[in-house]
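Just so you know, ligand 1 is whichever comes first in the structure, and atom 1 is the first atom listed for that ligand.
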Amino acid sequence: MTTKKRVFSGIQPSGNIHLGNYLGAVKNWVAGQDEKENFFCVVDLHSITVPQDPVELRFQTRALAAMLLAAGIDPKKSTLFVQSHVTVHAEGCWLLNCVTPLGWLQRMTQFKDKSAKQASVGVGLLDYPVLQAADILLYDAHEVPVGEDQKQHVELARDIAQRFNHIYEEEFFIIPEPKIPPTGARLMGLDDPTAKMSKSLAHVRGHAVRLLDDPKEIMRSFKKAVTDSGNEIRFSDDPEKAGVNNLLGIYKAVTGKSNADVEADFANARGYGDLKVGVAEVVIDFLAPLQARYQALMDDPAELDRILAIGAEQAAAVSQPKLREMKEMMGLVLPVSGNR
Ligand code: ATP
Ligand code: LTN
């Protein structure tokens, strides 16, 4: 029997999924489905670490699951589920909280950024990476495919796993590896190429390309994209050219072409206007079939619920026994009845 490597990743249902999420994370989830055993999670408990509108969150959770299926996650090959449907994530987080030093969490850059933007900071925002560690560790995941911005959180999950193993039982938790794609790992905002394209800003016009935007909106966002005062269309790490570099990076990630071929495609462009239209066109063509599949799934809510219920069952079958073992190691008395 060959044991496949396990993959775990998550995405928050807070706001509209955008091209950065797709190219930085979801595309790799889809691509790796055949070789690995996959768990993909809509992390609603992570979303409520900042204020959410309940009606909107409920809609976005289901919409995101439909979008992941439309993007190619195949429930026959991968387990797709909603985090709050599998209650062991929250319990595992509590157990890990008790071995995680506070200082580790206070150093997280995402916490510093997000807490600076909140008038009142909930404990959940600080604890966010411990819940993420529970997500990963409860599944004995070897690999965590994420965008660049999540590297620090996966490294923290490794540190927590090592600490737990050291205290309770060597090799109990698998030490997970972040898997960051070579292209598309960090898309920048079209309105500000110095800041990452972000779901929480996706409602700001011209910031992100949302996977559900219509062709007109996509064209408009690209046409308004911030570039520089020059006219050279080439990849560059010069901060001045971050806007052009971002546009070329999007084109490259969507078409799968090499840097040289991408630059060759724009060799005869008359300026940034042509670049923007060229990138918009490939994105529009790429998104059209995905949007049609999404709509079909949203039109059949019973089928979506059925897929998510099966996913939750499959996920619990793996994570519940792991949680039980954790509890046992930590000296908790397990209840005699039931499977928890
Ligand atoms: P928010 O900005 O509200 O925190 P987000 O856009 O970062 O949301 P998440 O749900 O936190 O979205 O991330 C889902 C996945 O998308 C993660 O693997 C993350 O690394 C990846 N990702 C997010 N933003 C980008 C980006 N701009 N470029 C590439 N990958 C990204
Ligand atoms: N914090 C992650 C979402 C996330 C996740 C995970 C990613 C929650 N749990 C487990 C990988 C593995 C983010 O993408 N912002």
**Request:** Considering only NZ, NE, NH1 and NH2 on the basic side and carboxylate oxygens on the acidic side, decide whether Arg62 and Asp305 come within less than 4.0 Å.
**Result:** yes
**Asked** Are Asp34 and Lys77 ion-paired here, with the side-chain N under 4.0 Å from a carboxylate O?
**Response** yes
Does [atom1] in [X] sit with more than 12 non-hydrogen atoms of other residues, nucleotides or ligands closer than 6.0 Å?
X      : atom1 : answer
Glu240 : CD    : no
Asp285 : CG    : yes
Glu171 : CD    : no
Trp94  : CH2   : no
Asn268 : CG    : no
Arg220 : CZ    : yes

So, is [X] polar-close to ligand 1, with some N/O to N/O distance under 3.5 Å?
X      : result
Ile11  : no
Tyr128 : no
Val146 : no
Pro145 : no

**Request:** Measure the distances from the heavy atoms of His46 to every atom of ligand 1 and state whether one is below 4.0 angstrom.
**Result:** no
Closest protein heavy atom (residue, atom, distance) for [atom]:
atom                    : value
atom 7 (O) of ligand 1  : Lys196 NZ, 2.4 Å
atom 1 (P) of ligand 1  : Ser200 OG, 3.3 Å
atom 18 (O) of ligand 1 : Gly147 N, 3.2 Å
atom 28 (N) of ligand 1 : Leu187 N, 2.8 Å
atom 20 (O) of ligand 1 : Asp149 OD1, 2.5 Å
atom 8 (O) of ligand 1  : Lys199 CB, 3.4 Å
atom 13 (O) of ligand 1 : Asn21 ND2, 3.7 Å

Which segment of [X] sits under 4.0 Å of ligand 1 when only heavy atoms are counted:
X      : value
Lys114 : side chain
His18  : side chain
Gln12  : both
Ala25  : side chain

In terms of atom number and element, which parts of ligand 1 are under 4.0 angstrom from non-hydrogen atoms of [X]?
X      : result
Arg186 : 28 (N), 29 (C)
Gly24  : 29 (C), 30 (N)
Met197 : 24 (N), 25 (C), 26 (C), 27 (N)

**Asked** With hydrogens left out, which residues have an atom under 4.0 Å from ligand 2, given that only heavy atoms count?
**Response** Phe8, Ser9, Gly10, Gln12, Val43, His46, Tyr128, Gln132, Asp135, Ile136, Val144, Val146, Gln150
**Message:** Out of Ser198, Ser9, Gly20, who is nearest to atom 30 (N) of ligand 1 when you count heavy atoms only?
**Reply:** Gly20
So which atom in [X] and which in [Y] form the shortest heavy-atom distance, rounded to 0.1 Å?
X      : Y      : result
Cys93  : Val130 : O-CG1, 3.7 Å
Asn245 : Phe235 : OD1-CA, 3.4 Å
Val88  : Leu138 : O-CD1, 3.5 Å

**Request:** Give the C-alpha distance, both sets of side-chain angles, the deciding distance and a yes or no for side-chain hydrogen bond (donor to acceptor under 3.5 Å, both in side chains) between Gln12 and Gln60.
**Result:** CA-CA 9 Å; Gln12 298 183 73; Gln60 290 292 356; over 6 Å; no
**Prompt:** Less than 6.0 Å separating the ring centroids of Phe172 and Phe164?
**Reply:** yes
**Message:** Main chain of Ala225, side chain of Lys276: is a donor-acceptor contact present, judged purely on distance under 3.5 Å?
**Reply:** yes
**Message:** For residues Trp29 and Tyr139: do they belong to one hydrophobic cluster (side chain heavy atoms under 4.5 Å, members Ile, Leu, Val, Met, Phe, Trp, Tyr)?
**Reply:** no
**Asked** Can you find a pair of side-chain heavy atoms, one from Lys179 and one from Val7, that are under 4.5 Å apart?
**Response** no
